[in-house]
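Because the structure is a prediction, the values reported are computed rather than measured. Only heavy atoms go into these numbers, but all of them, side chains included; no hydrogens, no water, no symmetry mates.
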Amino acid sequence: MKIDLTETTASKINKALVEGRRAVGTPAIGMVLTLVIVTDEENAYDALKAANEASREHPSRTLVVVKRVSRSPRDRAKARLDAEVRVGTDAGTGETVILRLYGEVIDHAQSVVLPLLLPDAPVVVWWAVNAPLDPAKDPLGALAQRRVTDAYAAEQPVRELSARAESYTPGDTDLSWTRITPWRSMLAAALDQAPCTVASAEVEGEEFNPSCELLAMWLADRLKVPVSRKVSAGPGLTAVRMDASIGSIVLDRPDGSLATLCMPEQPDRAVALKRRDTSELLAEELRRLDPDDIYAAALKYGVDRLGTGKHSAPADPEPAGSDAAKPAAKKAAAKKAAAK
């Protein structure tokens, strides 16, 4: 069931939701959270489709915030709110409200969304495109317990990761991190099967794919070894190689679907490692609403610390009183004495 509202208000939208539930015969609210999607008109369809598929696992009230850009100064000065209310089969397993904001109301989206949040239910905000540099300080992000961005949708994904690290607040996450969950699980299982010491690692993947950097930073942070980043033709992540004490451990996925795990003294194994849809990524993120400390640690490791050459990484500076600093100090003292 769809209900169109033109030049409406939040109270009229709430009334339409109640009427829609009664019309389809489900007056009770059985939703577990409110999902707020911030997007533009171009990407609204894909974002809503992903949210509807994810709602099969997480029944929710979905609020789609579409900020419409007005062409003339007169239209930009006029505040207007249009809404489309969907209930029943048109809204997955929950409720959907598409909010189109015009004029001055664009700068006050939080005042439109706040009255429509489910009472006593968690709030998740997902920026499908054009995420703010500091999601927690965004007016909509301040309403949420969980804030989901996607660095892959940014023009400069790697720089986006650096900005995310500087502004990280517990509750932030990114779909680029969610994409590497199967890779992290497989690599951790491989190291558990064959206890060993890893000396260095290399992550290979297509250029401008922040998931590659995040996987490399995760390996560097957890294993405390130098990790290099290598560019390939893709698609996505293509390989991870670890130089271990037992030999080389390789997880290779050249076609974006089927991977091969190669370990010393063991037969090669085929592993299903397909690239997942946005709906699957979103459903995974909605399973947990607590802060992701592992993501925070990997993000704060820093892209600049990854090596671009083969197994290269910046070395830690020597402390002032270390043995390595003594020869330099002696030379400086000798030169000073000669000058006198």
Side-chain angles (χ1 to χ4, degrees), residues 33 35 47 50-51 53-58 124 126-128 131 135 145-154 157-158 160-161 164-165 168 170-193 198 201-206 208-223 227 229 234-242 249-261 269-301 303 306:
L33 58 88
L35 174 62
E53 292 178 2
S55 71
R56 297 173 184 173
E57 183 177 343
H58 310 279
V124 179
W126 170 37
W127 287 270
Q145 287 78 33
R146 192 81 163 158
R147 296 164 293 275
V148 184
T149 56
D150 191 355
Y152 188 76
V158 177
E160 195 81 4
L161 291 181
R164 295 275 174 268
Y168 175 80
D172 292 353
T173 190
D174 197 279
L175 293 185
S176 297
W177 171 255
T178 318
R179 290 183 180 97
I180 63 174
T181 299
W183 285 81
R184 294 189 294 118
S185 300
M186 189 58 58
L187 292 171
L191 292 177
D192 285 341
Q193 292 175 17
V198 178
E202 180 183 76
V203 176
E204 180 183 285
E206 65 183 0
F208 307 119
N209 190 326
S211 295
C212 301
E213 273 75 18
L214 281 170
L215 183 59
M217 291 189 290
W218 173 73
L219 285 170
D221 176 68
R222 305 306 293 178
L223 298 177
V227 180
R229 165 75 160 94
L237 271 162
T238 52
V240 174
R241 301 176 182 87
M242 295 184 290
I249 301 174
V250 180
L251 182 59
D252 186 26
R253 188 190 66 176
D255 59 357
S257 178
L258 189 65
T260 302
L261 178 62
R269 282 170 285 179
V271 180
L273 209 61
K274 73 179 184 68
R275 305 186 73 189
R276 297 182 293 169
D277 296 332
T278 304
S279 59
E280 297 179 67
L281 303 175
L282 187 61
E284 179 183 327
E285 284 300 335
L286 295 179
R287 290 183 198 127
R288 56 175 301 171
L289 299 176
D290 56 318
D292 191 341
D293 296 332
I294 305 300
Y295 166 69
L299 188 65
K300 292 180 179 180
Y301 180 86
V303 178
L306 297 177

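- Between the OG1 atom of T181 and the CG atom of L215 there is a distance of 10.5 Å, given to the nearest 0.5 Å.
- D174 places a side-chain N or O within 3.5 Å of a backbone atom of A151 that can act as its donor or acceptor partner.
- Put simply, the residue from V203, V227, L306 that forms a side-chain contact (heavy atoms from CB on, under 4.5 Å) with M217 is L306.
- Between E160 and P210, every side-chain heavy-atom pair lies at or beyond the 4.5 Å cut-off.
- Between V148 and L175 the shortest side-chain heavy-atom distance falls below 4.5 Å.
- Inter-residue side-chain proximity for C212 and L237 is flagged as met; some heavy-atom pair is nearer than 4.5 Å.
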Problem - Candidate pair E285 and T178, rule side chain to side chain donor-acceptor pair (under 3.5 Å), full reasoning - result: CA-CA 7 Å; E285 284 300 335; T178 318; 2.5 Å; yes

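- Proximity of a side-chain donor or acceptor of D277 to a complementary backbone N or O of S279 within less than 3.5 Å is not detected.
- Looking at every heavy atom in both residues, T149 comes nearest to P135 through CG2-CG, 3.9 Å.
- Partner of W126 under the side-chain contact (heavy atoms from CB on, under 4.5 Å) criterion, out of T173, L286, T278: T278 alone.
- Side-chain contact check for R146 versus L33: every heavy-atom pair is 4.5 Å or farther apart.
- A donor-acceptor contact shorter than 3.5 Å is absent between the side chain of R275 and the backbone of R179.
- Nearest approach of L214 to Y295, heavy atoms of both residues: CD2-CE1, 4.3 Å.
- Using a 4.5 Å heavy-atom cutoff, the side chains of E53 and L282 are not in contact.
- Annotation: F208, atom CZ; neighbour count of heavy atoms from other residues, nucleotides and ligands within 6.0 Å does not exceed 12.
- Side chains of L281 and D150 form no contact here, defined as non-hydrogen atoms less than 4.5 Å apart.
- Using a 4.5 Å cut-off on side-chain heavy atoms (C-beta onward), W127 and R147 make contact.
- A distance of 7.5 Å separates CH2 in W183 from CG in L187, rounded to the nearest 0.5 Å.
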Exercise for the section: Determine, step by step, whether L219 and V240 satisfy the side-chain contact (heavy atoms from CB on, under 4.5 Å) criterion, reporting the C-alpha distance in whole Å, the side-chain angles of both residues, the deciding distance to 0.1 Å, and the verdict. Expected result: CA-CA 10 Å; L219 285 170; V240 174; 3.9 Å; yes

Problem - Chi angles and distances behind the side-chain contact (heavy atoms from CB on, under 4.5 Å) call for R164, L299 - result: CA-CA 8 Å; R164 295 275 174 268; L299 188 65; 3.9 Å; yes

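- Nearest heavy-atom pair, P182 versus L273, reported as atom, atom and distance to 0.1 Å: CB-CD1, 3.5 Å.
- Atoms CG and CZ, on L251 and R269 in that order, are 10.5 Å from each other to the nearest 0.5 Å.
- Of all the heavy atoms in L261 and M186, the pair that sits closest is CD2-SD, 4.4 Å.
- Of all the heavy atoms in D292 and W177, the pair that sits closest is OD2-NE1, 3.1 Å.
- Counting heavy atoms from C-beta outward, L191 and I249 have side chains that approach closer than 4.5 Å.
- In this structure, CD on E204 lies 11.5 Å from CZ on R253, to the nearest 0.5 angstrom.
- Residues S211 and S176 come closest through the heavy atom pair OG-O, 2.8 Å.
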